Amino acid sequence: MAIISIWQVLAESNPARYGTLWRWFDELYTLLDLLLQQHYLSWARASFSENFYGLKRMTEGSKSGLRPLRRKEYWKSLLLLVLVPYLRMKLEKFVNKLKEEEDYSIHNTTSFRKRWYKAILATYPFVKFAWEGWFLFYQLRYILWNARHHSPLLKIAGVQLTRLTLEDLHAMEKTTAKTSSGQANDSMGQRMKDTMKKVLGGVALSVSSSLSLGVFFLQFLEWWYSAENQDTLKSLSTLPAPPPPIHFDLETYSPLLPKLKTVCPLCRKIRVNDTALGTSGYVFCYRCAYYYVKTHQRCPVSGYPTELQHLIRLYTPDG
């Protein structure tokens with residue numbers, strides 16, 4: 001996610017230099033994913049996410065049961081892990097592009113290209129529904145009927161997921177130790193190298209966490225100052241003022257509003273110590289509003305339930 005945001009910011013800030021990087025983002029991302037999945041399949045016999053949850057892939061056998069991951073299933077797993085998400089992503093972008101051309105294109109409606117576009121757009125929702133339903137069917141089988149696969153891609157690859165054992169963890173640690181240290185002895189130079197690796201690893205982790213937080217903050221600022229959000233805020237701030245509340249019931253205690261805005265609706269005199277009711281917004285003399293609310297616990301105009309704590313004194317700029 002951080003890499004995606006960094007590439008997007010670079011492409012938008014300097015399209016002439018980094019525009020190509022963004023245009024080929026899908027391919028570059030797939031290449032990085034290929035390297036990542038290849039490393040984990042070779043080292044842990046699992047994908048990156050599967051290894052995170054303590055799982056490994058085992059080859060299914062018809063008679064001998066589960067066996068270690070073979071070369072054939074290794075390559076099938078790698079292709080399905082990397083190629084299927086890439087093709088699905090490209091297909092979705094292609095369909096979105098067709099939708100835009102369908103909305104704004106001026107091609108003749110009877111042309112072969114236009115009819116082909118319409119056929120793809122009409123078929124794609126059903127294809128997507130069938131694809132999602134296929135995966136949902138396998139997940140329901142896995143949950144309800146204790147099936148061996150939660151994904152049809154595992155079935156195609158001929159593998160099954162199992163838990164990592166203690167022996168698997170020890171074997172992975174030995175492989176990592178051999179790769180990192182080789183045949184070096186416990187010399188002072190090797191200890192210094194190990195210490196430097198740990199320090200650099202900690203620094204890299206700190207930088208990665210800070211970068212993720214920084215990217216999140218940049219995305220928040222980008223959303224806050226985006227044209228769509230500013231238009232929304234502007235539309236909310238320019239809404240007309242709501243009309244004054246109407247009477248809940250027209251009883252004798254509800255006085256009519258005076259024509260002059262400086263007259264108190266209760267005493268019918270020029271207001272003294274202007275006080276507004278927070279529940280309705282109407283303004284009275286403080287003395288009139290205080291005794292009326294204390295006695296009736298409601299606004300004298302709207303009838304809204306009101307307490308003394310809802311009285312708000314109003315002050316003019318000159319005091």
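These values consider heavy atoms only, across backbone and side chains, with no hydrogens, waters or symmetry-generated copies. Note that the structure is a prediction, hence the values are computed from the model and not measured.
Side-chain contact of Gln297 with Tyr292: a donor-acceptor pair under 3.5 Å is absent, judged by distance alone. His149 and Gln139 form no side-chain donor-acceptor contact under 3.5 Å, judged by distance and modelled atom types alone. Asp33 and Gln37 are linked by a side-chain donor-acceptor pair at a separation below 3.5 angstrom, with hydrogens and angles left out of the test.
At a threshold of 4.5 Å between side-chain heavy atoms, the hydrophobic network of Ile, Leu, Val, Met, Phe, Trp and Tyr places Tyr291 and Leu311 in one connected group. Linking ILVMFWY residues whenever their side-chain heavy atoms come closer than 4.5 Å, directly or via other members, places Ile156 and Trp131 in the same cluster. Taking hydrophobic clusters as Ile, Leu, Val, Met, Phe, Trp and Tyr residues chained together by side-chain heavy-atom distances below 4.5 Å, Leu154 does not share a cluster with Leu79. Note: the hydrophobic cluster containing Leu153 also contains Tyr138 (ILVMFWY, side chain heavy atoms under 4.5 Å, direct or indirect links). Leu166 and Leu164 fall into different hydrophobic clusters, defined by Ile, Leu, Val, Met, Phe, Trp and Tyr side-chain heavy atoms under 4.5 Å apart, directly or through other members.
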Self-check item: Residues Leu314, Thr275; criterion side-chain contact (heavy atoms from CB on, under 4.5 Å); working and verdict
Solution: CA-CA 6 Å; Leu314 302 180; Thr275 301; over 6 Å; no
Self-check item: Evaluation steps, side-chain contact (heavy atoms from CB on, under 4.5 Å), between Arg271 and Cys264
Solution: CA-CA 5 Å; Arg271 291 193 304 267; Cys264 174; 3.7 Å; yes
Practice problem: Kindly indicate, with the supporting measurements, whether the criterion ring pair (Phe, Tyr, Trp, His ring centres under 6.0 Å) is fulfilled by Trp43 and Tyr40. | Solution: CA-CA 5 Å; Trp43 172 59; Tyr40 274 89; 5.8 Å; yes
Self-check item: Steps toward side-chain contact (heavy atoms from CB on, under 4.5 Å) verdict (Val283, Leu277)
Solution: CA-CA 7 Å; Val283 184; Leu277 298 186; over 6 Å; no
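Between Glu132 and Arg88, at least one side-chain nitrogen of the basic residue sits less than 4.0 Å from a carboxylate oxygen of the acidic one, meeting the salt-bridge criterion. Using a cutoff of 4.0 Å between basic side-chain nitrogens and carboxylate oxygens, Glu73 and Lys76 are not scored as salt-bridged. Ionic pairing of Lys90 and Glu27 is present here: one or more N-O contacts between side-chain nitrogen and carboxylate oxygen are shorter than 4.0 angstrom. Residues Glu50 and Arg57 are paired through a salt bridge, judged by an N-O separation under 4.0 Å between the basic side chain and the carboxylate. Salt bridge present: Glu60 and Arg148 bring a charged side-chain N and a carboxylate O closer than 4.0 Å.
Heavy atoms of other residues, nucleotides or ligands lying less than 6.0 angstrom from CZ of Phe52 number 12 at most. For Asn96, the CG atom is densely surrounded, since the number of other residues' heavy atoms within 6.0 Å is greater than 12. Within a 6.0 Å sphere centred on OH of Tyr142, heavy atoms belonging to other residues, nucleotides or ligands number 12 at most.
Considering CZ of Phe135 and OG of Ser151, their distance stands at 4.5 Å, rounded to 0.5 Å. Summarising the geometry, atom CZ belonging to Arg71 is positioned 13.0 Å from atom OG1 belonging to Thr59; distances are rounded to the nearest 0.5 Å. To the nearest 0.5 Å, atom CG of residue Leu36 and atom CG of residue Leu41 are 9.5 Å apart. Here Asp26 contributes atom CG and Leu87 contributes atom CG; the two are 11.0 Å apart, rounded to the nearest 0.5 Å. Summarising the geometry, atom CZ belonging to Phe126 is positioned 8.0 Å from atom OG1 belonging to Thr123; distances are rounded to the nearest 0.5 Å. To the nearest 0.5 Å, atom OG of residue Ser280 and atom OH of residue Tyr304 are 8.0 Å apart.
The shortest side-chain heavy-atom distance between Tyr124 and Leu91 falls under the 4.5 Å cut-off. Between Phe94 and Ile120 there is a side-chain heavy-atom pair separated by less than 4.5 Å. Contact annotation: the side chain of Ser42 approaches that of Gln38 to within less than 4.5 Å [non-hydrogen atoms, C-beta and beyond]. The shortest distance between side-chain heavy atoms of Val159 and Ser77 falls below 4.5 Å. With contacts defined as side-chain heavy-atom distances shorter than 4.5 Å, the pair Pro300/Pro265 does not qualify. With a 4.5 Å cut-off on side-chain heavy atoms, Pro305 and Arg298 do not count as touching.
Residues Val263 and Pro258 come closest through the heavy atom pair O-CG, 3.4 Å. Here the closest non-hydrogen pair linking Ser47 and Leu81 is CB-CD1, 3.7 Å. Here the closest heavy-atom approach between residue Thr306 and residue Cys299 is recorded as OG1-N, 3.4 Å.
A cation-pi arrangement is absent between Arg287 and Tyr290 under the rule of less than 6.0 angstrom and at most 45 degrees off the ring axis. The cationic group of Arg313 lies under 6.0 Å from the six-membered ring centre of Tyr286 and within 45° of the ring axis, placing it in a cation-pi geometry.
Met58 pairs with exactly one of Leu161, Leu69, Thr162 by the side-chain contact (heavy atoms from CB on, under 4.5 Å) rule, that one being Thr162.
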